[in-house]
Amino acid sequence: MLEEQLILLECTLHGERRYDRAWLEQILHPNFQEITRSGLKVNRSQTISSLLDEKNPPPILSSDFRLTQLGEYSAILHYRSSYADGSHQALRTSYWLLTEIQQWVLVFHQGTPAAKDIYVDNL
């Protein structure tokens, strides 16, 4: 159940809600940090600004999800992503925390370019 819930939340960041400032401010922890697929370290405000400035990005496909629950209040979600045409393949890791009001928020995300023959299950 938790895995499905976090997959759903993660995938909201791949679709239309990606451009919803209120949603981003709700789902991204105040201390959110990201290491992008290109190796840049960015904070919450930089991430929100970057997403809101995107113009017509290709659809994002995600697969091979695996959840590592670290306790009652935290979990790591691992998965693979790419554009619909198969380009920009990446291995991704998201660290989620459950808040006092029982809402999962994203604290950290990292994307790493994927070799074509590496799968999340092999890590």
Side-chain angles (χ1 to χ4, degrees):
M1 168 138 168
L2 177 58
E3 183 173 23
E4 291 83 15
Q5 182 180 8
L6 293 180
I7 289 170
L8 180 63
L9 287 171
E10 185 77 41
C11 289
T12 66
L13 297 168
H14 304 166
E16 289 181 22
R17 293 198 89 180
R18 180 181 185 89
Y19 312 108
D20 179 343
R21 178 181 292 277
W23 175 246
L24 294 172
E25 290 176 352
Q26 180 180 340
I27 198 170
L28 298 180
H29 188 277
N31 295 323
F32 174 80
Q33 298 265 326
E34 178 175 7
I35 300 174
T36 67
R37 184 181 178 281
S38 58
L40 297 173
K41 185 175 178 184
V42 294
N43 63 29
R44 181 177 187 258
S45 64
Q46 292 167 317
T47 297
I48 291 172
S49 292
S50 176
L51 291 174
L52 295 177
D53 288 344
E54 280 185 342
K55 304 290 187 235
N56 301 318
I60 298 170
L61 301 178
S62 301
S63 63
D64 301 328
F65 289 95
R66 189 182 81 229
L67 181 72
T68 302
Q69 193 161 352
L70 301 174
E72 188 175 346
Y73 304 106
S74 63
I76 298 173
L77 188 63
H78 305 275
Y79 65 100
R80 174 182 282 275
S81 71
S82 70
Y83 289 157
D85 67 3
S87 67
H88 289 80
Q89 292 188 28
L91 300 178
R92 299 198 175 266
T93 301
S94 294
Y95 178 57
W96 293 86
L97 283 179
L98 185 62
T99 67
E100 296 170 356
I101 60 169
Q102 301 301 299
Q103 177 183 337
W104 286 96
V105 293
L106 185 56
V107 176
F108 177 79
H109 181 81
Q110 181 167 353
T112 303
K116 290 183 181 182
D117 60 345
I118 295 177
Y119 294 94
V120 174
D121 289 339
N122 293 337
L123 298 178

Treating Thr47 as the side-chain partner and Asn43 as the backbone partner, does any N or O pair qualify as donor plus acceptor under 3.5 Å?
yes
Show the numbers, then the answer: is there a side chain to side chain contact (heavy atoms under 4.5 Å, CB included) between Leu98 and Gln103?
CA-CA 5 Å; Leu98 185 62; Gln103 177 183 337; 5.6 Å; no
Does one hydrophobic cluster hold both Val107 and Ile7, with members joined at side-chain heavy-atom distances below 4.5 Å?
no
Heavy-atom nearest pair, Ser81 first then Ser62, reads CB-OG, 4.1 Å
Using ring pair (Phe, Tyr, Trp, His ring centres under 6.0 Å) as the criterion, list what pairs up with His14, not counting sequence neighbours.
Tyr79
Rounded to the nearest 0.5 Å, what separation is found between the CD atom of Glu10 and the NE2 atom of His109?
6.0 Å
Under 3.5 Å: donor-acceptor pair, side chain of Ser49, backbone of Ser45
yes
Phe65 vs Leu77, test: side chain to side chain contact (heavy atoms under 4.5 Å, CB included). Steps then yes/no.
CA-CA 7 Å; Phe65 289 95; Leu77 188 63; 4.0 Å; yes
For a quick test of your reading: what N or O donor-acceptor pairs under 3.5 Å do the side chains of residues 68-75 make, sequence neighbours left out?
unit_1	atom_1	unit_2	atom_2	d
Gln69	NE2	Gly71	O	3.1

Arg17: what forms a salt bridge (charged side-chain N to carboxylate O under 4.0 Å, His left out) with it, not counting sequence neighbours?
none
For residues Ile48 and Val105: do they belong to one hydrophobic cluster (side chain heavy atoms under 4.5 Å, members Ile, Leu, Val, Met, Phe, Trp, Tyr)?
no
Side chain to side chain contact (heavy atoms under 4.5 Å, CB included) between Leu9 and Ile27, intermediate numbers included
CA-CA 8 Å; Leu9 287 171; Ile27 198 170; 4.0 Å; yes
With hydrophobic residues grouped by side-chain heavy-atom distances under 4.5 Å, do Phe32 and Trp23 end up in a single group?
yes
Closer than 3.5 angstrom, by distance alone: can the side chain of Arg92 be matched with the main-chain N or O of His78 as a donor-acceptor pair?
no
Could you tell me whether the side chain of Gln110 and the main chain of Arg37 form a donor-acceptor pair under 3.5 Å?
no
Do side-chain atoms of Arg66 reach the backbone of Ile76 as a donor and acceptor pair under 3.5 angstrom?
no
Tyr95 reachable from Leu2 in the ILVMFWY side-chain graph, under 4.5 Å edges:
no
Do Thr36 and Val42 make a side-chain contact, defined as non-hydrogen atoms from C-beta onward lying under 4.5 Å apart?
yes
Only one of Leu24, Ile60, Thr12 passes side-chain contact (heavy atoms from CB on, under 4.5 Å) with Arg18; say which it is.
Ile60
Does Glu4, at its CD atom, have more than 12 non-hydrogen atoms belonging to other residues, nucleotides or ligands within less than 6.0 Å?
yes
Within a strict 4.5 Å, meaning less than it, do heavy atoms of the Glu34 and Arg44 side chains meet?
no
I need the Ser94 OG to Leu13 CG distance, nearest 0.5 Å.
8.0 Å
Carefully, step by step, assess Gln33 and Lys41 under the rule side chain to side chain contact (heavy atoms under 4.5 Å, CB included).
CA-CA 7 Å; Gln33 298 265 326; Lys41 185 175 178 184; 2.9 Å; yes
Taking Leu97 as the starting point, is it possible to reach Phe108 by hopping between hydrophobic residues whose side chains are less than 4.5 Å apart?
yes
